[in-house]
There are 2 protein chains.
Amino acid sequence: MAKLKSAALEKSSHLEYFNIAVSVDCVIFAYAEKALKVLLIQSDLEEFAGMYSLLGDLVRPDEDLDEASYRVLRERTDLHDVYLEQVHTFGNLNRHPSGRVITTAYYSLINLKNNKLQLTHNELSWHDVNKVRKLAFDHKQILDTCLQRLREKVLEQPIVFNLLPEKFSLRELQDLYEAILGVELDRRNFRKRIILKDWLIDLNEMEVDVPHRPGKLYKLRPSLKRNGKLSVKSEQKLTA
Amino acid sequence: MAKLKSAALEKSSHLEYFNIAVSVDCVIFAYAEKALKVLLIQSDLEEFAGMYSLLGDLVRPDEDLDEASYRVLRERTDLHDVYLEQVHTFGNLNRHPSGRVITTAYYSLINLKNNKLQLTHNELSWHDVNKVRKLAFDHKQILDTCLQRLREKVLEQPIVFNLLPEKFSLRELQDLYEAILGVELDRRNFRKRIILKDWLIDLNEMEVDVPHRPGKLYKLRPSLKRNGKLSVKSEQKLTA
DNA sequence: GCAAAAGTGTTAATCTTACACCCATGC
DNA sequence: GCATGGGTGTAAGATTAACACTTTTGC
């Protein structure tokens, strides 16, 4: 067997490799105007002048990777306890003009209504995901990858509720699913399935100020809340 | 709008962040003796003396992230065109005793029969995935995560064929699914489903040298081969 | 009273599961 | 001829998909 080396020795012999920068990028989703939106910022690099990019930052040497993406969210949106999921790490050689930077992509789901950050805030702005054409770096590919993952995940896990206010009607919930999946769903079948899943609690309250018959209001069963850290697996599935 | 800065300037202002090391770790799966195996190496760090770890290496500044994992595979197994899938990036602060190292985990599927690398080769050895208890670093967690992803993926995509020889019987294929999923499958239902998927081509050949009635041999439809780079999505699903 | 969306059930089609007997080969 | 696994079909149950009318509210 080869001679053992200590970790300290290994570190010194590999110092020349400590020259790849590590960043995180967050695809921050929200729901407004019956559309799925993504939060973008004007790029501050000459190379991408006039283009938008995702929100990201270099990972600090003294913070966990997941923590870095929570920090980006906190700094940008002032939100804590946000749903966040790691999706993929992008590491092509020339993805960043500043040099070698690999980035780990996360997506997060936030509720615009709860948020001081409304539709404009310095250089940040919300964009309909279906209308985003081109982004700085490889961020369009990152957005597409995260959107695809979100679509897969919402069929199986009760995570869309992070995009809605505490109380919502079944119609709002269905509109949201339709916006995410990009398909129309049958109303009766949707309602049956979602009730069967037992994700919801009937609040015995009604919508107010709607110009038509008010719908019942529901909330997510509290034990299923997935705000903040580490999402857990369940067995359930909502087939569209 | 904030003043634009050039990429070169941004790089110099962030030099202090270029001190996180980036590695890849490969969970190399193979199939032998009706069990799913994983290739491990004796750790060469004092801190983990006597323990096994996954195969990994630091990413070189001049290679893509994906390429780094292909390189690890090539160097260790002498195999090219191997199925490889990125799973997750692990970036906890203290996951590596040498310092700050984040690692991107991949799993790969190789066919032991085609491989010069047989059951022993210096410090490398194959271990039944169900019998692995403890590994160096956070490698047990990485193994578990990759195994879980593999289990999800084999239900939807024709990837298990990377673990089998070119020609195989339906019994061998079923044994392999059972080994991966850790469940028993009904023989008639399995055969119906797998034939329905249209993944296989009947070779009009029979097993030889079996001590019972020989089974028909099949191969994967060539258009579905997923060796090497980038796997593609299809719609199919094999429910167990 | 009319526009707008809420609420609600049934049927047909499809998919999934459970299950048992005869067949071909090596020894 | 016997042990071993190969090969095959059907029926019951569960799930999914398609589809229309009545109700409640605001105006």
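Numbers restart at 1 for each chain; the letters A, B, ... are given by sequence-line order, proteins then strands.
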### B:E172 with B:K167: basic N within carboxylate O range, under 4.0 Å
no
## Note on the structure
A:L173 CG to C:dA6 P, in whole Å, measures 12 Å
## Note on the structure
When rounded to whole Å, the CZ to P distance for the pair B:F190 and C:dT16 reads 14 Å
### Message
Closest-nucleotide mapping onto DNA chain C: is A:G215 or A:N189 further toward the 5' terminus? I mean the 5' end.
### Response
A:G215
### Task
Ignoring hydrogens and angles, answer whether the base of C:dA20 and the side-chain atoms of B:R188 contain a donor-acceptor pair closer than 3.5 Å.
yes
### Task
Report the relative orientation of the aromatic rings in A:W199 and A:F161; use parallel for angles under 30°, tilted for 30 to 60°, perpendicular for over 60°.
perpendicular
Protein-nucleotides 24-27 of chain C N/O pairs closer than 3.5 Å?
unit_1: C:dA24; atom_1: O4'; unit_2: B:R213; atom_2: NE; d: 3.4

### Task
I would like to know whether B:L135 and B:S53 meet side-chain contact (heavy atoms from CB on, under 4.5 Å); could you show each step before the answer?
CA-CA 5 Å; B:L135 295 173; B:S53 71; 5.7 Å; no
### Query
Whole Å only: how far is the CZ atom of B:R193 from the P atom of C:dA18?
10 Å
### Query
In whole angstroms, how far is the C1' atom of D:dG6 from the CG atom of B:D175?
13 Å
### Task
Rounded off to whole Å, could you give me the CD-to-P distance for the A:E172 and C:dG7 pair?
12 Å
### Task
Not counting sequence neighbours, which residues clear side chain to side chain contact (heavy atoms under 4.5 Å, CB included) with A:E178? List them please.
A:Q174, A:D175, A:E184, A:L185
### Task
Using atom CG of B:D186 as one end and atom C1' of C:dT16 as the other, report the distance to the nearest whole Å.
11 Å
### Task
Check every strand shown and say whether A:R187 touches a base, only sugar-phosphate, or nothing at a heavy-atom separation below 4.0 Å.
base
### Integer-rounded Å distance: D:dA17 P and A:E184 CD
15 Å
### Query
What's the verdict on side-chain contact (heavy atoms from CB on, under 4.5 Å) for B:F90 and B:N92, showing C-alpha distance, side-chain angles and the deciding distance?
CA-CA 6 Å; B:F90 295 82; B:N92 281 352; over 6 Å; no
### Task
Tell me, please, which residues at least two apart from A:A179 pass side chain to side chain contact (heavy atoms under 4.5 Å, CB included).
A:Y31
### Task
For B:K192, answer base if it contacts any base atom (sugar-phosphate contacts may also be present), sugar-phosphate if it contacts only those atoms, and nothing otherwise; contact means non-hydrogen atoms under 4.0 Å.
base
### Task
Could you tell me the separation between the CG atom of B:L155 and the P atom of C:dC15, rounded to a whole number of Å?
17 Å
### Task
May I ask you to verify if any side-chain N or O of B:R191 is less than 4.0 angstrom from the OP1 or OP2 atom of D:dG7?
yes
### Task
Begin from the C-alpha positions of B:D202 and B:N204 and carry the test side-chain contact (heavy atoms from CB on, under 4.5 Å) through to its verdict.
CA-CA 6 Å; B:D202 183 343; B:N204 292 312; 3.8 Å; yes
